[in-house]
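Working notes, beginning with the structure itself.
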There are 2 protein chains.
Amino acid sequence: MTPKTRAARTTVKIVDVAKAANVSPAIVSRILSNDAKLVVRDDTRQRVQEAIEALGYTPNPQARGLRLSRSNTLAMIVPEINSPVFPVIIQGAQRAAWEHGYSLLVGGMGGEEEDPQVAGRLLRSNRIDGLLVTTGRHEEQMLQELATLNAPFVLVNRYLDEDHPYVALDERGAAAAITRHLTELGHRRIAFLGGLQRRVGERRVAGYADALAEAGLPWAPELVVEAGYYKHGGESGLRQLLALDDPPTAVLATNEIVAAGAMAVAHAEGIRIPKDMSLASFSDGMVAELLSPSLTAVRFPLERVGYEATTMLVAIVEGRSLPQTRISLPHDEVILRHSTGAAPRRRRARP
Amino acid sequence: MTPKTRAARTTVKIVDVAKAANVSPAIVSRILSNDAKLVVRDDTRQRVQEAIEALGYTPNPQARGLRLSRSNTLAMIVPEINSPVFPVIIQGAQRAAWEHGYSLLVGGMGGEEEDPQVAGRLLRSNRIDGLLVTTGRHEEQMLQELATLNAPFVLVNRYLDEDHPYVALDERGAAAAITRHLTELGHRRIAFLGGLQRRVGERRVAGYADALAEAGLPWAPELVVEAGYYKHGGESGLRQLLALDDPPTAVLATNEIVAAGAMAVAHAEGIRIPKDMSLASFSDGMVAELLSPSLTAVRFPLERVGYEATTMLVAIVEGRSLPQTRISLPHDEVILRHSTGAAPRRRRARP
DNA sequence: TTGAAAGCGCTAACAG
DNA sequence: CTGTTAGCGCTTTCAA
């Protein structure tokens, strides 16, 4: 009847501790749960602590989970793990989870299964207590599903509206900061290269516009070019810009990948960076440092995004009240590397 | 007494299914466990299946885990998640885990806690059934700890000796393949730039040597330069090579990062790639495509490494016998991009 | 073929 | 302050 697994035989359980400390299991349990308003005699607590130490007791999370119908496990749904940003976010989430006594499951990168289903399955079977949602796919469905399950979740590095808890980045402020760097270098024709469709794009363009306005520069629609988020977009985008009568002297790419594309075209066309043209990336990562010239970019507290989101989720799961459930973290700083420099003198007067 | 959580009230349990199907919970359990040598009347099985469907029953993993002292959870210890390779491996592991009905925990990237301890703690408390070990830190301690716990584990993309199960890459073969690409282009002075200290380095150098020998080229010790695994190593390494009387016409870097460093120096020195010098990277990843010129590199089945390792681990955990527990996967192919080309004609005769 | 019942390890009501 | 006890949902032995 008793499963005769290695683990089952070896494991020290709460009664063992209780016996060793000459108390009932209930006391041990109560002490373990760290209940602030619990009253125990100091020597009792002492004895129990010692027994726990001595026996190397660790509570069995399955039993506890069964009893409390909680798993102390969170899951993070990630769309594409093969990206510069997610690993760092995961790392932060992992750290926070660990600190709060939770485990972190990473899922949803299969791409094959529908995220909402995955989430639902996990939640329904009590496998997880809460969800960190970073996905863009199936956004609406997912939220609906989560709403019907009334599952605790936090949106990570992403937000939809002010109805849902999120931890995101102040992309608008960051975009303004790096654009400002370019205006301060004397650039007056600054282009934006990146995805324009989604909300992220809109916010970045808004920040870019803020900085232009601040510097008293005119808004030039031909300088804002749809370039998506991949290398190819950066390439075609820059070509489009170079074909203009009055091409930009500085280009802000939405990420390192798009910047890399732009850089490749610049190299091919014999345009020297930063001498002939400055190039900056909106977000910093592993790649920025590796390109030559290395890319000026904005550093973001990505690890902290994961960390804060997880901390928030834990609080929600545990029913604690929260000062804030909508957080936008400011960018860390603009990292100056070698791809940006003073605006070139006007190359040719228009006839 | 009953915890009045939302979940606890809503959840459909095995007795509900049993009642609906007019059988005992035991039957349902047995049918669920998919026991091949189980005998039930077909109509009974039918009724049970229908009931399960109808009620949308999912077994509670906590209860099951408590009973069986298993968690159906695996953990992967990753040293630094912020690396081009790990995310892909994780993705493969995740997929395999899911397919076998396991969850995957990702841990150990904190860097702060000692991996062996983490692993031990996880295992001891029945939290996880097996471990995927990719870490290099604390290698010896870790294995000792794992050995004493007699915990099931598989080494991923890494091996120590033939005593432990592993899924790794045939790095030697891959190194030979890409070196061969360079010899076939007519290069006769080919340098190797990378970490030489660890086993990985040794194997890559061995493959490089294989291909040189194959092509009848002499072994030139001055062409094998310690460059570690980071950008800086690539920079100083290439400088060292350029200072030689007879510098190489082709350089093989151990990874994209080192290659990026070398490329930066080449650019700075006015060396045109691939016209004056070819540059190849041992391993392919996100970065290779982004550099200009883009890097010729070897593609590895990293996703498969994660997948196979996990499949192997599941088999070990479940006590199934295995055809193989030491696997080296061959490389996928050499991806030809724009950083390699025919060897230049000898630039100057030696006086 | 099927069912009854015990118990995995823990927590929380309730009673001392 | 501390102990007794029931039961979370599942599996499995043993009996029918």
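In what follows, chains carry the letters A, B, and so on, assigned in the order in which the sequence lines appear, proteins first and then strands, with residues in each chain numbered from 1. Quick note: numbers below take in every heavy atom, side chains included, and nothing from hydrogens, waters or symmetry partners.
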Check your understanding: Closest to the B:Arg41 side chain: C:dT11, D:dC10, C:dT2?
Key -> C:dT2
Revision key, fill the gap. The answer to which of A:Ser33 and A:Ala63 contacts DNA chain C further toward the 5' end, by nearest nucleotide, is A:Ala63
[atom1] of [X] versus [atom2] of [N]: gap in Å, rounded?
X: B:Arg70; N: D:dT11; atom1: CZ; atom2: P; answer: 10 Å
X: A:Leu68; N: D:dG7; atom1: CG; atom2: C1'; answer: 12 Å
X: B:Gln46; N: C:dT1; atom1: CD; atom2: P; answer: 15 Å
X: B:Leu66; N: C:dC10; atom1: CG; atom2: P; answer: 9 Å

Check your understanding: Do the side chain of B:Thr73 and the main chain of B:Leu104 share a donor and acceptor less than 3.5 angstrom apart?
Key -> no
Check your understanding: Is the closest side-chain heavy-atom distance between A:Tyr102 and A:Val317 below 4.5 Å?
Key -> yes
Exercise for review: Determine whether A:Pro87 and A:Leu302 make a side-chain contact, defined as any pair of heavy atoms from C-beta on separated by less than 4.5 Å.
Suggested key: no
**Study point:** All side chain to side chain contact (heavy atoms under 4.5 Å, CB included) counterparts of B:Glu162, not counting sequence neighbours
**Key:** B:Tyr159, B:Tyr166, B:Arg326
**Study point:** Listed partners of A:Thr58 passing side chain to side chain contact (heavy atoms under 4.5 Å, CB included), at least two apart
**Key:** B:Ser125
**Study point:** B:Arg64 side-chain N/O to D:dG9 phosphate OP1/OP2 under 4.0 Å
**Key:** no
Review point. Under 4.0 Å: is that the gap between some side-chain N or O of B:Arg67 and OP1 or OP2 of D:dG9?
Key: no
Exercise for review: Take the C1' atoms of the five end pairs on each side of the helix from C:dT1-D:dA16 to C:dG16-D:dC1, derive the two axes, and give their angle rounded to 10 degrees.
Suggested key: 40°
What donor-acceptor contacts under 3.5 angstrom involve side-chain atoms of residues 16-33 of chain B, with partners at least two apart or in another chain?
from    : atom 1 : to      : atom 2 : distance (Å)
B:Asp16 : OD2    : B:Lys13 : N      : 2.8
B:Ser24 : OG     : B:Ala26 : N      : 3.3
B:Ser33 : OG     : B:Arg30 : O      : 3.0

Review point. Which part of the nucleic acid, if any, lies within contact of A:Thr44, taking any heavy atom under 4.0 Å across all strands shown: a base, the sugar-phosphate backbone alone, or nothing?
Key: sugar-phosphate
Exercise for review: Mind listing the residues from residues 14-27 of chain B sitting with a heavy atom below 4.0 Å of DNA chain C? Number order is fine.
Suggested key: B:Val23, B:Ser24, B:Ala26, B:Ile27
Pairwise N/O distances under 3.5 Å, protein to nucleotides 14-16 of chain C:
none

Practice item. Could you verify whether a donor N or O on one side chain and an acceptor N or O on the other, from B:Gln49 and B:Glu53, lie under 3.5 Å apart? Key: no
Check your understanding: Within a radius of less than 6.0 Å around CG of B:Asp163, do more than 12 heavy atoms belonging to other residues, nucleotides or ligands occur?
Key -> yes
